[in-house]
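Here's the structure we're looking at; comments come further down.
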Amino acid sequence: MSVQANSPSRAGRHAAGATPPTPRRASPARRAAALLRRQPIATLLPFAVVIGVWAVVSALGIFPSSFFVGPATVFDSMVDSVRRGILPAYIQDSLTRLAVGAAFGLGIGVALGFLIGLNRYVRKFCWPVLLFFQAIGDIAWLPIVIIWFGFSLTSVTVVIVYTVTFPLIISIVAGLDAIPTNLLRAAASLGASRWRTLWEVYVPGALPGVSSGVRTGLGYGWRALIAAEIIIGTSGVGFMMFDARRQGDVSHVFVGMAVLGVLWYMTDALVLAPLEKETVERWGLVERIGR
Amino acid sequence: MTMLSVDQLNQVYVDTYTGEATVAIEDVSFDVPEGQFVSVIGPSGCGKTTVLNIVAGFVDATGGTVRLQGSPVSGPGPDRGVVFQDFALFPWKTVEANIAFGLKTQGVGKVERRAKAQEMIDLVGLTGFEKKYPHELSGGMRQRAGVARVLATEPAIMLMDEPFASVDAQTRRVLQQEVLRIWEQRRTTVLFVTHDVDEAVFMSDRVVVLSPRPSTVRADLSIQIPRPRSWTDMHTNTEFVRIRRELMTMLGVETGVETGSRSAP
Ligand SMILES: Nc1ncnc2c1ncn2[C@@H]1O[C@H](COP(=O)(O)OP(=O)(O)OP(=O)(O)O)[C@@H](O)[C@H]1O
Ligand SMILES: [Mg+2]
């Protein structure tokens, strides 16, 4: 966060260094740079204000420094951590875990969402089960998952897949149900086959549901990841924060929090928002989301 | 030749919560000859939409048959093109893609599809809006696209359920004339549902009047106003004025002037 506020050019380099897990690493970085070039004030000003308030609060010295540190201290810790290679490695670990879990979760969620949403019998059978498991929150699975898979990547993945899948399914089913009957009637009376109706009506029609499900799912998955890393972790951003707390190192806890915020913001600005802009917003199905 | 034949149609709706049965349509029969423009009118809730939905194949009738060119219909199909009150354009398709959709389902090749869609776009006056999405168009333009989408596939009959009810009064008049102009060129068979007496008389060759629910056919009037018709000379047209008054009385829409001279039902 502070990196971006202090120097946009560094932010570009930082972003490139911070996202090595994606094979096309140049693309999000270039997009981040493009975003900063297009609307630097709109993008950076809110963060600058937050950091300003933060700096003032810490400078007033209301809280002891073992509780609360200012942006400068956090920035130093972050630079130090990056220089020693710890932060990039941890971010890479966290993002890899999230990517693996999210990929499975999205795959399973989309498939099940459409299956349950479109087939009456599958829906009747699955819905109660779905509600039952929805009630068992992500972290509530950790004890049993650890017993089954130990303190491993598998455990983390299982928990993330779980948290991504459920909101996605429910949101896709709701999205399918929200498709106006007359659109389906129009397709049928224009002679569309089942498959054509699926591809050209159900799939695009459910996209608002898919996109909000992906948002919720990834958001939950991201939180579950941090929780899992705190409990299971041997590395990663969640582990770093927990480890720092144990050593009484508040500034690294803050670094972790800042990193979480920045990464989520980047996921939204560089992946989710552009996709929505090209589809559901372009078609007038949803108003702009938070912009 | 009879294009559409509706025979002793009956429709009972059962309320899924209370189990209560509502007889929407008691017994409705009428024929639509090829090339005729037939309107169905009647009081609100008498089952006009139900009749159209059964003909379209969206709703299964509890009794009676619907025949198209002699064969019974079941389920929706491209032989009956539907123009919807709420347009029902695919929001994720451009105007052009919406209009070409029916051709695509028929396996018409891309080049031919383009050409045909463009022809329809020009016909309904949407030239220049090919690449727009439906939400970028006005209500009137959307319904033009709705009409073009149906015309593109050349259905045996066009079904329209209050197609102009969602646009403003002025646009409605323009669209009515436009649709008549197009219809006069092509003479597609049309079954048109409306609750607007003026619209029914202005557009149609024949008006079928339904009674209040449970509905039966109350009257079947032929309209001998010469075509091409336009709104500018309708109010001085004695035939228009006469049939309009007759229908108004039948539907119980009586103005102060007409209460004294109540004609037979
Ligand atoms: N799906 C349904 N389930 C139960 N009852 C229905 C259903 N559709 C229509 N009805 C009932 O059947 C009757 C006829 O409805 P319909 O929509 O066909 O009338 P309409 O003549 O088109 O009315 P309007 O002029 O208001 O459009 C009404 O009493 C309505 O409440
Ligand atoms: Mg109706």
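The chains referred to below are lettered A, B, ... by the order of the sequence lines, with proteins before strands, and numbering in each begins at 1.
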Contact origin within F84(B) toward chain A - heavy atom pairs under 4.5 Å: side chain

Taking the side chain as everything from C-beta on, heavy atoms only, tell me whether L183(A) gets closer than 4.5 Å to W92(B). yes

Let's test your reading of the structure: which of L184(A), L285(A), N182(A), V201(A) forms the most heavy-atom pairs below 4.5 Å with chain B? N182(A)

How about F114(A): does its CZ atom have over 12 heavy atoms from other parts shown lying under 6.0 Å from it? yes

The interface call for L159(B) against chain A, heavy-atom contacts under 4.5 Å, is neither

What part of P180(A) gets within 4.5 angstrom of chain B, counting heavy atoms only: side chain, backbone, both, or neither? neither

Report, by ascending residue number, the residues of residues 67-75 of chain B in heavy-atom contact with chain A at a distance under 4.5 Å; give 'none' if the set is empty. none

Quick check: are there more than 12 heavy atoms from other residues, nucleotides or ligands sitting under 6.0 Å from CG of D60(B)? no

In this structure, are over 12 heavy atoms from other groups packed under 6.0 Å from R206(B) atom CZ? yes

Atom group of N53(B) that falls short of 4.5 Å from chain A, counting heavy atoms: side chain

Is there side-chain contact between R282(A) and Y133(B), with heavy atoms separated by less than 4.5 Å? yes

State, with a plain yes or no, whether a side-chain heavy atom of S189(A) is found less than 4.5 Å away from one of F58(B). yes

Name every donor-acceptor pair, under 3.5 Å, that has one atom in a side chain of residues 167-174 of chain A and the other anywhere in the protein, sequence neighbours excluded.
unit_1  : atom_1 : unit_2  : atom_2 : d
S171(A) : OG     : G209(A) : O      : 2.6
S171(A) : OG     : S212(A) : OG     : 3.0
S171(A) : OG     : G213(A) : N      : 3.2

For A186(A) and R149(B), work out which heavy atoms get closest and say how close. CB-NH2, 3.6 Å

Looking at P134(B), A152(B), P76(B), A56(B), which makes the most heavy-atom pairs under 4.5 Å with chain A? P76(B)

May I ask you to check whether over 12 heavy atoms, not counting those of Q185(B), lie within 6.0 Å of atom CD? yes

Filtered by a 4.5 Å non-hydrogen cutoff, the part of residues 93-111 of chain B contacting chain A is K93(B), F101(B), G102(B), K104(B), T105(B)

Quick check: do L190(A) and P78(B) have side-chain heavy atoms less than 4.5 Å from each other? no

Portion of R185(A) that has a non-hydrogen atom of chain B nearer than 4.5 angstrom: both

Does F30(B) have more than 12 heavy atoms from other residues, nucleotides or ligands lying within 6.0 Å of its CZ? yes

Write out, in numerical order, the residues from residues 158-165 of chain A with a heavy atom short of 4.5 Å from a heavy atom in chain B. none

Should we count CH2 of W127(A) as having more than 12 external heavy atoms under 6.0 Å? yes

